Amino acid sequence: MKFIHLSDLHIGKRVNEFSMLEDQKYILKVIFGIIDVEKPDGIIIAGDVYDKSVPSAEAVQLLDDFLCRIAERKIPAFIISGNHDSAERLSFGGRLMDISGIHLSPVYNGQVQPLTLEDSHGKINIYMLPFIKPVSVRRFFPDKDIQNYTDAVRAATESMEIDENERNIIVTHQFVTGASRSDSEDISVGGSDNVDVCVFDKFDYVALGHIHAPQKMTRETVRYCGTPLKYSFSEAGHRKSVTVVELEEKGSIRIRTVPLVAKRDMREIKGKYEEIVLRENYADTNTDDYIHITLTNEEEIPDALSRLRVIYPNIMKLDYDNRRTRISTFIGAAENVEKKSPLELFSEFYHKQNNQPMSDEQSAFISELIEKIWEEEK
């Protein structure tokens, strides 16, 4: 039996104030092309379907279109809520959707009943465990000592009464200890959200969501599929994909990935302004991509962002890497103020702020400006 494992769609997300809805609509069409080629027996979406607990109307419409297209193909879908979702809102109408094969995890109530599919090798039980916190689990298990996320997930999985003679899949949305994070994820202080991978030992395949980089955890069958799009420049080097999982007889699983190519990539460009405006220096970069530009000029370029957007309309971020930005200098009160001229005081301030002296041209300009100010004050 074949499954396509997706997660962290984050529908409705904005990155550096850029709406990603157009890109999300495009990548969902690409995913449907993969679905039509692969012809899976089920589709798994492991949480963070939306980017906000109260999604926009446009985000809801995009998800509605996506689920309707899945239902039209009569492919069962197994969808859980993540930490960005409202479990109550996402599960609304879940019992009606079950009829169409769209299965939404309900709000966690201490019980997770499996959904069962069957093929020539027997049953496959799919357990849908939404994002949970210790506080939301503790009240259902008053006799258990639940202090952290591992305790919470262990309590939840132990209550599932898993038949280890059958094939079992869990779909869940947690941070498994050791996973490689990205800047676009929510970070808990001190790793307090860590879950030990051993709590999933009874499952044949663990379909994880929450981490944006595709990766395995300890064993091949415990996997994050990653986001279908890049949502931060820390992901610029990621290769996005969907994960295809094929379960044969008990103990036999094949896993592979199918690459995803977005409408716009996320790229980082670094160099002098004069080099970057020469398009031929970056011939491998689509000018429509989302760009982070780092200028290495020692002097700030006037109106650099507007001028560069003529070439790269989707610049998300512009900063500098030079002597001034590399060294942070505390600027305290100047010494011997009474004995120094205004030009000398300004020159000292400039040097401390920019880690370099003013040029002769700058000194002449400041001197002229000071004289003009004095003339106006007379």
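It should be emphasised that the depicted structure is a prediction, and the values quoted were computed from it without experimental measurement. The first residue of the sequence shown is numbered 1, and numbering continues consecutively from there. We use all heavy atoms of the structure for the numbers below, so side chains are in, but hydrogens, waters and symmetry mates are not.
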Q) Per the side-chain contact (heavy atoms from CB on, under 4.5 Å) rule, which among Ile80, Leu115, Thr157, Asn168 passes with Tyr127? A) Asn168
Q) Can you name the one residue among Leu247, Val206, Asp204 that meets side-chain contact (heavy atoms from CB on, under 4.5 Å) with Ile169? A) Leu247
Q: May I ask you to decide if Gln111's main-chain N or O and Asn109's side chain share a donor-acceptor pair within less than 3.5 Å?
A: yes
Q. Counting N and O atoms only, with roles assigned by atom type, does the side chain of Asn194 sit under 3.5 Å from a partner on the main chain of Tyr149, one being a donor and the other an acceptor?
A. no
Crowded around [X] [atom1]? As in, over 12 foreign heavy atoms under 6.0 Å?
X: Lys250; atom1: NZ; result: yes
X: Arg307; atom1: CZ; result: yes
X: Arg95; atom1: CZ; result: no

Going hydrophobic residue to hydrophobic residue with side-chain gaps under 4.5 angstrom, can you get from [X] over to [Y]?
X: Ile132; Y: Phe203; answer: yes
X: Ile301; Y: Ile269; answer: yes
X: Phe18; Y: Leu21; answer: yes
X: Ile34; Y: Val245; answer: no
X: Ile170; Y: Val222; answer: yes

Q: Can you see which heavy atom on Ser241 is nearest to which on Thr257, and at what distance?
A: OG-CB, 3.7 Å
Q. Between Val30 and Val261, does a side chain to side chain contact (heavy atoms under 4.5 Å, CB included) hold up when you go through it step by step?
A. CA-CA 8 Å; Val30 173; Val261 179; over 6 Å; no
Would you check if there is a donor-acceptor pair between the side chains of [Y] and [X] at a distance under 3.5 Å?
X: Lys270; Y: Thr296; result: no
X: Glu299; Y: Asn322; result: no
X: Asn314; Y: Asp288; result: yes
X: Tyr231; Y: Asp8; result: no

Q: Apply side chain to side chain donor-acceptor pair (under 3.5 Å) to Asp36 and list each qualifying residue two or more places apart in sequence or on a separate chain.
A: Arg73
(Q) Applying side chain to side chain donor-acceptor pair (under 3.5 Å), can you list everything that pairs with Tyr50, at least two apart in sequence or on another chain? (A) none
Q.
Between Asp151 and Lys144, does the salt bridge (charged side-chain N to carboxylate O under 4.0 Å, His left out) criterion hold? Intermediate values first, please.
A. CA-CA 9 Å; Asp151 294 339; Lys144 291 183 179 290; over 6 Å; no
Q: Please lay out, stage by stage, how Leu90 and Leu63 fare under the test side chain to side chain contact (heavy atoms under 4.5 Å, CB included).
A: CA-CA 11 Å; Leu90 190 63; Leu63 178 63; 4.3 Å; yes
Q. Would you say the side chain of Met1 lies within less than 4.5 Å of the side chain of His121, judging by non-hydrogen atoms?
A. no
Q) Which is it for Tyr290 and Arg267 under the side chain to side chain contact (heavy atoms under 4.5 Å, CB included) test, yes or no, and what are the steps along the way? A) CA-CA 6 Å; Tyr290 295 117; Arg267 297 179 183 268; over 6 Å; no
Q: Determine, step by step, whether His210 and Phe131 satisfy the side chain to side chain contact (heavy atoms under 4.5 Å, CB included) criterion, reporting the C-alpha distance in whole Å, the side-chain angles of both residues, the deciding distance to 0.1 Å, and the verdict.
A: CA-CA 9 Å; His210 188 40; Phe131 174 73; 5.6 Å; no
Q. So which of Gln24, His212, Lys52 actually passes side-chain hydrogen bond (donor to acceptor under 3.5 Å, both in side chains) with His10?
A. His212
For residues 99-108, tabulate all N or O donor-acceptor pairs below 3.5 Å that involve a side-chain atom, not counting sequence neighbours.
from, atom 1, to, atom 2, distance (Å)
His103, ND1, Asp98, OD1, 2.9
Ser105, OG, Ser81, N, 3.4

Q. Between Phe66 and Phe32, is the ring centre distance below 6.0 Å?
A. yes
